[in-house]
Amino acid sequence: MRQKTKMSEEDLYIVTTSEPETVPDLSNKIVYLGDWCLEESQKSFDKNLTNKILSYHWDNRKKLLDDYTRLSETYENLLIDLSDVLNTYHQVQKSVKYWRILIGPWLLMYLHVFYDRYESIKNAFDQFKINKVIFLKHGHNDFIPNDMLDFSNDAISDLWNEHLCQKIISHLFSAHISVKYVKKLSKNKKNDEIKVNSFKQKAKLFFSGTLNKFFNSSQDKVFLYKPGVKFWIIARSQFHLGQFPRFTKKIKIPKFTVNSQLRELFSKLSAKKHYETVFEQIAFNLIPHFFPLTYLEGYKDFLKVILSENLPKNPNVICTSTSFQDDDGFKLYTAEMLEKGGRLITTQHGGHNGMTPFAPGEDHAIAISDKFLSWGWSDIQRPNVKPLGNIRYAGDRMTHNSNGPALLLTFDTTRYAYHMITLPLSSQWLYYFEYQKKFLRALPPKIRRNVLLRIKKAEFGWSVFERLKDFMPELSTEHANQHIRKSVRKSRIYICTYNATTFIEAINWNIPTLIFWDPVYFEVIDEVAEYLEKFKALGIFHTNPQSAADKLTEIWNNIDEWWFSDVVQKLRKEFLNNYSKPVDKPSIRFYEELKDLCKK
């Protein structure tokens with residue numbers, strides 16, 4: 001944690017993002033809200049920069065857990081009030097569950113994002129006597145998103161975050177700060193996007209499009225929409241159900257237009273709600289500035305589009321894996337069908353589920369589902385979790401190259417946190433990156449030259465490849481634009497550095513696996529911690545980079561002998577039985593789960 005910096009009584013600026021127009025001349029005294037405010041190339045301009053960057057409030061991980069619990073309560077309260085406002089606005093009488101399905105993911109992300117920036121700004125003004133700021137000039141409706149996906153992309157951008165911080169500072173500290181408004185001159189960088197359209201994906205889309213032209217699905221009683229299982233399981237399950245296999249394309253969302261008068265009415269309805277805390281009041285009052293058009297101005301027209309699609313008109317069961325999060329077309333359709341008596345099944349998508357103290361996506365999926373099919377774990381507090389097993393990897397066969405390189409998997413995260421989760425958030429990624437550097441430094445040169453470092457996610461402004469090039473130019477790297485299976489097949493060992501699908505994937509495939517991460521930033525529940533301790537005793541799991549490097553060096557010339565030993569394989573199977581359980585006859589089991597809910 002950085003020490004608080006004492007500054008003189010002269011002018012003191014706050015900078016909230018890396019928007020260059022908002023940074024004053026560096027001869028001024030500046031408080032940067034976080035490491036996200038400056039890119040690597042800019043830091044050399046300010047020699048005293050480390051004394052002026054605010055510590056991140058969620059470096060206190062107990063605070064992160066406490067805040068998640070508190071914000072979950074706030075979410076429930078605001079969801080009820082917002083449901084009431086939307087029912088009045090749209091002149092409908094929909095249930096809270098209806099609105100939870102449609103706007104819940106947006107509201108939860110909005111609260112997490114808003115609270116993160118709110119706490120950072122409040123801490124800055126509590127610690128320093130800030131009296132100046134430079135704001136960008138924005139139009140009144142510049143940041144109203146069209147839909148949930150637009151909002152998700154906006155929430156990690158510099159320009160949007162400058163606008164949000166501007167709103168918060170104006171509400172809390174306008175009487176204590178001098179503001180200068182400037183026009184934006186520079187163009188914003190776009191976050192890299194990696195889009196891979198494999199032959200299988202193209203074939204599936206062609207097949208589904210052809211079938212939908214000849215077969216009407218309106219009478220289908222089970223609707224499978226990206227259920228997170230293999231193509232052949234989907235096809236066989238639908239045959240068992242007496243339906244012709246189909247794979248529905250994502251519904252295209254029209255571009256809607258802001259209606260200032262209608263949004264003003266929405267603002268007035270929202271303003272009638274009152275809350276005890278300053279945060280809740282400001283967050284709710286500012287909702288009209290960030291509420292997607294799809295849920296307001298475009299709601300009725302979009303509903304007409306949804307109901308005119310070639311989709312089941314009255315399904316008994318709807319099943320998906322992740323589309324409940326940001327696919328507004330699917331969410332609106334599902335909300336409508338569940339109001340008519342339909343039921344929802346969600347399937348586990350990734351390895352993070354069931355392993356951590358909290359996870360917003362998992363919590364939301366279970367809250368809206370009649371049945372949540374896990375990969376093997378149960379939850380006494382949530383009886384709708386059914387431990388079916390890992391049908392996502394059913395039938396998988398994977399090989400590795402005993403003489404190949406070590407595959408080191410890393411991840412990149414957004415500079416601006418967009419949800420609360422038990423991973424490094426925002427600037428904590430810099431600590432995570434240092435962890436990887438320590439591991440690589442600890443390896444003998446011969447092994448280091450045989451490491452293939454894979455960057456997991458798209459570039460979010462941390463300049464990952466540039467940092468790696470500066471740190472160790474000889475490193476072999478690859479971007480995650482090729483399928484992970486290709487990389488695994490040519491590697492001798494799979495090194496996982498974060499808690500997600502990756503290490504469960506590798507253990508499921510029975511590929512030699514080494515895991516290391518700092519448990520401070522990768523919190524797990526007690527049951528998982530017990531398994532990690534068992535993995536630790538066998539040299540599979542490590543909590544510091546030196547230990548992981550030492551183990552890799554020890555086993556380098558005969559990794560297979562270590563991994564395929566009886567003791568390692570026994571523990572592997574025990575772990576999988578709880579968190580990635582193999583499924584016998586997966587298409588039949590999946591069909592049975594669907595049919596079971598149809599009967600109820």
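Side chains are part of it too, since the values below use all heavy atoms of this structure and drop only hydrogens, waters and symmetry mates. Since this is a predicted model, take the numbers as computed values, not measurements.
- Scanning for side chain to side chain donor-acceptor pair (under 3.5 Å) contacts around Ser402 gives Asp560, with sequence neighbours left out.
- Across His542 and Ser547, no two heavy atoms sit closer than the pair ND1-OG, 2.6 Å.
- Neither side chain, Glu574 nor Asn578, offers a donor N or O lying under 3.5 Å from an acceptor on the other.
- Between Tyr498 and Phe411, the angle of the ring planes lies from 30° to 60°, which puts this pair in the tilted group.
- Classified by interplanar angle (parallel below 30°, tilted 30° to 60°, perpendicular above 60°), the ring pair Phe535/Tyr531 is tilted.
- The stretch residues 510-529 participates, sequence neighbours left out, in these ring pair (Phe, Tyr, Trp, His ring centres under 6.0 Å) pairs: Tyr431-Tyr521, Phe439-Phe516, Phe503-Trp517, Trp517-Phe522, Trp517-Phe541.
- Side-chain rings of His112 and Tyr68 approach one another, their centers coming within less than 6.0 Å.
- Taking the charged nitrogens against the carboxylate oxygens, Lys551 and Glu554 do have a contact shorter than 4.0 Å, which makes a salt bridge.
- In the model, Ser152 has no side-chain atom that pairs as donor or acceptor with a side-chain atom of Asp326 under 3.5 Å.
- For the residue pair Trp429 and Pro424, the shortest heavy atom distance occurs at N-CB, 4.1 Å.
- Contact detail for Ser323 and Lys331: the closest heavy-atom pair is O-CG, 3.9 Å.
- One finds a salt bridge joining Arg382 and Asp363 here, because a Lys/Arg side-chain nitrogen approaches an Asp/Glu carboxylate oxygen to under 4.0 Å.
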